[in-house]
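The block underneath contains the structure these notes are about, expressed in structure tokens.
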Amino acid sequence: MIEKKIAIAVAETVAEVCGQTVDHRDIILQKTRKDVEGDLTLVVFPFVKAFRQSPEQVAGILGKALLEKVDDVEHYTVVKGFLNLILADRYWSGFLYNAVDQSAVEKETTQHQDRDSGHRQERDPAQHQETGPGKHQDHDPARHPVIVEYSSPNTNKPLHLGHVRNNLLGYSVACLLEAAGKKVIRANLVNDRGIHICKSMLAWLKYGKGVTPETSGKKGDKLVGDFYVKFESELRKQAGEIMEGKGVSEEEARNGAPLMQEARDLLRRWEQRDPGVVEVWKKMNGWVYEGFDATYKRMGVRFDKMYYESDTYLTGREIVLEGLRDGALYQREDGSVWADLGRYKMDGKLLLRADGTSVYMTQDIGTAQLRYEEFAPGQMIYVVGNEQDHHFKVLKLILQLLGKPYADNIHHLSYGMVELPDGRMKSREGTVVDADDLMDEMVATARRTTEELGKTHDFSEEDKEALYHTIGMGALKYFILRVDPRKNMLFNPEESIDINGNTGPFIQYSYARICSVLRKAGEPRLQEAFRMDESIRMNKKEKQLLKTLYDYDQVLAEAASEMSPAKMANYMYEVAREFNQFYHDHSILNEPDRSTSNFRLSLSQLTAHVIKTGMALLGIEVPVRM
RNA sequence: GGUUCCGUAGCUCAGCUGGAUAGAGCAACAGCCUUCUAAGCUGUGGGUCCUUGGUUCGAAUCCAAGCGGAAUCACCA
């Protein structure tokens with residue numbers, strides 16, 4: 001790390017000249033602005049007092065000292081209080097050849113990608129994620145893995161745009177953490193019980209006439225969702241009649257409607273394990289899971305561990321009762337059990353109803369316990385929308401109240417809502433964007449655009465379909481992941497399928513172009529190019545691209561620690577843009593000077609590797625041709 | 001009403017652990033394909049970084065207050 005060497009040298013110099021000690025870790029070097037000559041910049045203002053000289057003079061003193069003390073510092077300039085350091089080209093090219101060597105030779109210059117030998121899996125995070133459990137067994141991360149929970153669907157409705165952001169975020173965060181060296185468990189908590197499922201069941205029993213996904217040709221989750229909608233519309237009818245007749249409020253009317261009572265009755269029977277009810281429940285949930293699996297598969301997300309609330313709420317109830325016995329919780333006269341959060345200046349939280357049934361919070365307590373017992377995780381990350389900020393705050397406090405050792409390991413990765421151009425999605429107003437429909441549309445657009453450009457005539461039908469999928473999903477994923485998770489985001493359907501500018505397909509296209517060049521170069525030529533060439537002199541674009549690639553490790557570390565795929569996404573765009581500029585201005589294979597041509601090949605090679613690796617951490621595939 | 005989050009170009013977003021002249025894309029306009037993929041590249045115009053105060057050599061970035069928006073404060077999940 002040259003930054004560290006420089007920082008130490010600066011600290012030494014300050015000590016020598018002023019007799020003051022500075023911790024080298026407090027000396028921060030930043031990247032030099034693009035419009036100024038230099039690679040690294042030291043802001044000297046913090047040292048002027050110690051030197052009792054002008055900023056320019058201080059910069060000069062430090063610059064001269066660094067020239068002597070640090071080999072790769074070749075030259076410096078001083079602009080006001082900024083000391084700009086220029087590193088030797090050999091430093092950058094050294095990085096390049098080392099990185100290319102480490103990442104191993106890209107073999108994706110042809111369509112046959114899977115003949116890689118295994119040695120590169122160690123270093124390629126995108127590969128690493130496929131290796132699953134069992135790695136790092138002797139290290140801390142394995143003993144205390146990170147559990148990332150995401151998706152968390154209800155089983156009464158199909159997945160929609162909100163789930164899409166959740167799934168993409170969760171999956172990507174898991175990948176980023178893995179790439180940063182953690183052992184990660186991807187978990188899904190399925191909300192498979194409750195009144196909402198009973199509504200779908202009731203509607204199916206009453207109006208379904210035994211229809212199944214097979215007989216209707218409908219995806220299971222869609223079919224069940226239809227019955228949920230059917231229930232709601234029938235309920236609205238009943239409630240409407242009651243309101244007119246009795247003049248009661250809408251809520252009262254809904255609650256009093258016969259359908260609602262039937263649904264509640266169904267829930268009670270479910271909790272009592274009525275065999276007939278349980279059978280319908282299992283059957284309909286089964287349909288939903290098949291539907292979800294198809295959607296997940298298409299979306300490219302997966303899970304290592306499934307949790308079902310129908311299991312975890314029981315554990316939750318036990319813990320709550322235990323807490324009651326221990327005196328951590330208290331019971332009211334009606335028999336309901338509560339957590340007193342008065343010491344945190346919050347209202348009490350109900351954990352068990354008077355009739356002994358449990359609520360959402362109860363179930364989350366149980367889930368946390370089960371995870372703790374099975375995995376002893378160092379951290380439990382919950383990818384859940386910011387509408388539940390309060391819920392997770394309370395969950396953490398209750399677990400503390402119960403004296404659970406894992407209470408502090410809970411982290412709510414809170415993300416903002418997805419809004420549509422005309423406001424929030426509202427199921428009642430039918431403005432919900434269905435996940436499957438959305439993917440269909442993205443792929444269809446990718447198909448249309450690709451066919452218009454007509455570069456894929458010689459593709460097989462199979463390859464074409466795969467390509468459309470890759471591009472369509474790339475557009476969707478990048479569009480969603482490039483914005484800071486914390487922020488609400490606007491989903492504009494028209495912009496999301498754009499493929500020019502700051503988009504997923506732009507980055508994919510850059511990758512495909514590189515592959516095209518590498519393919520043309522051929523294997524022997526690539527081998528020749530990987531040899532370190534000390535004499536190389538870089539031009540501006542080459543150096544700019546190389547410096548951008550150099551940042552990868554830093555960006556990965558930040559994206560992982562901040563759990564922000566957006567960091568990686570925006571960096572990917574920067575890499576692609578830098579490459580395109582370089583590619584536009586300089587010829588790679590047609591360059592007459594052999595060593596320059598070789599250098600550019602290596603540079604392209606590393607760019608391709610960085611793009612492929614980084615995009616994989618976003619869950620985005622890159623095509624070798626498009 | 002309390003709490004939390006957000007406010008940057010016409011639009012969508014970067015930049016925020018304090019550093020130089022605040023950046024991209026889209027949209028608009030003007031250029032660049034006999035040369036490795038033009039899904040690309042280059043240029044022009046476009047800013048009260050919500051407001052006011054404070055801290056500092058230096059604030060879009062930190063602090064306080066205000067304004068505007070969102071979420072939440074369920075015996076829903």
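A, B, ... follow the sequence lines: proteins, then strands. Residue 1 opens every chain.
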(Q) For a ring-ring contact (aromatic ring centres under 6.0 Å, His included) check, start with the C-alpha distance between Phe479(A) and Phe491(A), then their side-chain angles and the critical distance, and finish with the verdict. (A) CA-CA 9 Å; Phe479(A) 186 83; Phe491(A) 187 87; 5.5 Å; yes
Q) Below 4.0 angstrom from OP1 or OP2 of C76(B), is there any side-chain N or O of Arg353(A)? A) yes
Q) Of all the choices, A14(B), C57(B), C41(B), which nucleotide is nearest to the side chain of Asp484(A) once you look at every atom? A) A14(B)
Q) Does C33(B) adopt a syn or an anti glycosidic conformation, taking syn as a chi angle within 90° of 0? A) syn
Q: Remember a base hit wins even if backbone is also touched, and classify Asn156(A) as base, sugar-phosphate or nothing at under 4.0 Å, heavy atoms.
A: nothing
Q: Can you tell me, in whole Å, how much space there is between the P of C62(B) and that of C75(B)?
A: 36 Å
(Q) Strictly below 4.0 Å: does Gln581(A) bring a side-chain N or O up to OP1 or OP2 of U42(B)? (A) yes
Q) Watson-Crick or G-U wobble partner for A65(B), using a 3.5 Å limit on both distances? A) U51(B)
Q: Describe the nucleic acid contact of Thr41(A) in one word from base, sugar-phosphate, nothing, applying a heavy-atom distance below 4.0 Å.
A: base
Q: Would you mind reading off the distance between Lys80(A) atom NZ and G58(B) atom P, rounded to a whole angstrom?
A: 14 Å
(Q) Of the listed nucleotides (C41(B), C75(B), C13(B)), which one gets closest to any side-chain atom of Trp338(A)? (A) C75(B)
Q | Phosphate OP1/OP2 of A14(B): any Lys487(A) side-chain N/O under 4.0 Å | A | yes
(Q) Closer than 4.0 angstrom, basic N to acidic O: yes or no for Asp334(A) and Arg332(A)? (A) no
Q: Choose from A20(B), A77(B), A70(B) the nucleotide whose nearest atom is closest to any side-chain atom of Asn488(A).
A: A70(B)
Q) Strictly under 6.0 Å, is that where the ring centroids of Phe231(A) and Tyr228(A) end up? A) no
Q: Please examine the side chains of Arg193(A) and Glu271(A), heavy atoms only from C-beta on, and report whether any two atoms are closer than 4.5 Å.
A: yes
Q. Between Lys567(A) (NZ) and A14(B) (P), how many Å, whole number?
A. 10 Å
**Q.** Options U12(B), A20(B), C75(B), nucleotide nearest the side-chain atoms of Ser336(A)
**A.** C75(B)
Q | Centroid-centroid distance, Tyr583(A) to Phe579(A), less than 6.0 Å | A | yes
Q. Among C75(B), A24(B), C13(B), which is the nearest nucleotide to the side chain of Arg482(A)?
A. C13(B)
Q: Spell out yes or no: do the side chain of Asn154(A) and the base of C76(B) have one donor N/O and one acceptor N/O closer than 3.5 Å?
A: no
Q.
Less than 4.0 angstrom from a charged side-chain N to a carboxylate O is my criterion; do Lys567(A) and Asp484(A) meet it?
A. no
Q: Would you mind reading off the distance between Leu341(A) atom CG and U72(B) atom C1', rounded to a whole angstrom?
A: 15 Å
Q) Below 4.0 angstrom from OP1 or OP2 of A71(B), is there any side-chain N or O of Arg424(A)? A) yes
Q: Could you say whether Asn191(A) or Glu387(A) is positioned toward the 5' end of RNA chain B, judged by the nucleotide with the nearest heavy atom to each?
A: Glu387(A)
Q.
In terms of relative ring orientation, are Tyr552(A) and Tyr571(A) parallel, tilted or perpendicular, with 30° and 60° separating the classes?
A. tilted
Q. Name the one of Leu189(A), Asn188(A), Asn167(A) that satisfies side chain to side chain contact (heavy atoms under 4.5 Å, CB included) with Pro153(A)?
A. Asn188(A)
Q.
Can you check the distance between C49(B) and A59(B), where both ends of the measurement are the C1' atom (answer in whole Å)?
A. 11 Å
Q | For atom CG of Asn570(A) and atom P of G15(B), their distance in whole Å | A | 6 Å
Q | Between P of A77(B) and CD1 of Ile365(A), the distance in whole Å | A | 13 Å
Q) If you look at every strand shown and take non-hydrogen atoms under 4.0 Å, does Val483(A) touch a base, only sugar-phosphate, or nothing? A) sugar-phosphate
Q) Rounded to the Å, how far apart are Tyr571(A) OH and G15(B) C1'? A) 17 Å
Q | Options U4(B), A20(B), C13(B), nucleotide nearest the side-chain atoms of Asp389(A) | A | U4(B)
Q: Quickly work out the Lys49(A) NZ to G58(B) P distance and round it to whole Å.
A: 11 Å
Q: Ignoring the backbone of Lys393(A), work out which of C75(B), U3(B), C41(B) is nearest its side chain.
A: U3(B)
Q) Which one is paired to A77(B), where only Watson-Crick or G-U wobble pairs with both distances under 3.5 angstrom count? A) none
Q.
Return a single string for nucleotides 26-39 of chain B, one symbol per nucleotide in 5' to 3' order, where B is base contact, S is sugar-phosphate-only contact and - is none, cutoff 4.0 angstrom on heavy atoms.
A. S--------SBBSB
**Q.** Length of the NE2-C1' vector between His390(A) and G2(B), whole Å
**A.** 10 Å
Q: For Asn84(A) and for Ser358(A), locate the closest nucleotide of RNA chain B by heavy-atom distance; then report the residue assigned to the nucleotide nearer the 5' terminus.
A: Asn84(A)
Q. To the nearest 0.5 Å, how far apart are CZ in Arg424(A) and CG in Leu420(A)?
A. 10.5 Å
